[in-house]
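Notes to accompany the following structure.
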Amino acid sequence: MATTNGSGWFVLVGGVTTSDKISCQTSASVDITQDTIEVTCKDNVWKSYISGEKGWTMPFEAIKDEAASSVQAEIIENILTTGGELDVALVYAPTGTIVSGWSGKAILSGVSISTPKNEAPTVSGTLQGTGALTKMVIGG
């Protein structure tokens with residue numbers, strides 16, 4: 001089994017290059033769901049299901065970047081203004097070059113800035129997928 005270090009995984013926002021990564025990330029993930037539809041008949045003893053609609057979210061957390069031109073600043077500006085769709089991806093890029101990942105369109109459904117005493121301030125949020133999440137084709 002091939003395993004990777006979680007430090008090599010990043011959320012990208014606004015594009016699909018490493019320059020689009022959220023700076024100083026401490027956590028990045030993708031949550032993929034599928035609805036289940038019960039199709040059990042009265043005369044069955046065991047429940048039966050079929051696949052329903054799929055969905056996904058991409059939660060992230062980072063140490064707050066105070067730079068006015070950072071991806072973090074763009075994310076916060078997005079939710080405060082237009083709130084439109086964003087190109088997003090979760091990628092494995094351990095040496096700065098993307099090796100694999102998943103990408104799609106998302107809407108920022110929430111962002112939180114936390115500033116605890118004697119700790120680093122953080123920014124976290126959830127990107128709500130809108131449409132398909134697809135495996136990225138790297139190289140060719």
Among the clusters formed by ILVMFWY side chains lying less than 4.5 Å apart, do Tyr92 and Phe60 turn up in the same one? yes
Strictly distance-based, threshold 3.5 Å: is any side-chain N or O of Gln72 a donor or acceptor partner for the main-chain N or O of Ser23? yes
Give a yes-or-no answer on whether the side chains of Gln128 and Thr57 include a donor-acceptor pair shorter than 3.5 Å. no
Do Val88 and Val137 sit in the same hydrophobic cluster, where Ile, Leu, Val, Met, Phe, Trp and Tyr count as joined when their side-chain heavy atoms come under 4.5 Å apart? no
NZ-CG distance between Lys21 and Leu90, expressed to the nearest 0.5 angstrom: 13.0 Å
Let me have the donor-acceptor pairs involving side chains of residues 10-19, under 3.5 Å, with sequence neighbours excluded, atom names and distances please.
from: Thr17; atom 1: OG1; to: Ser19; atom 2: OG; distance (Å): 2.8
from: Thr17; atom 1: OG1; to: Asp20; atom 2: OD2; distance (Å): 2.9

Establish whether Ile113 and Ile22 are linked, either directly or via other cluster members, by ILVMFWY side-chain heavy-atom contacts under 4.5 Å. yes
Residue pair Glu38 / Thr40, side-chain donor-acceptor N/O under 3.5 Å: yes
Hydrophobic clustering (ILVMFWY, side-chain heavy atoms < 4.5 Å, transitive) - are Trp102 and Ile32 grouped together? yes
Rounded to the nearest 0.5 Å, what separation is found between the OG atom of Ser103 and the CD1 atom of Ile98? 9.5 Å
Please round to the nearest 0.5 Å and tell me the distance separating atom NZ of Lys64 and atom CD of Glu66. 4.5 Å
Supply the atom-to-atom distance Gln25 CD to Asp65 CG, rounded to the nearest 0.5 angstrom. 11.5 Å
Answer with yes or no whether the hydrophobic clustering places Ile79 together with Ile107; edges join I, L, V, M, F, W, Y residues whose side-chain heavy atoms lie under 4.5 Å apart. no
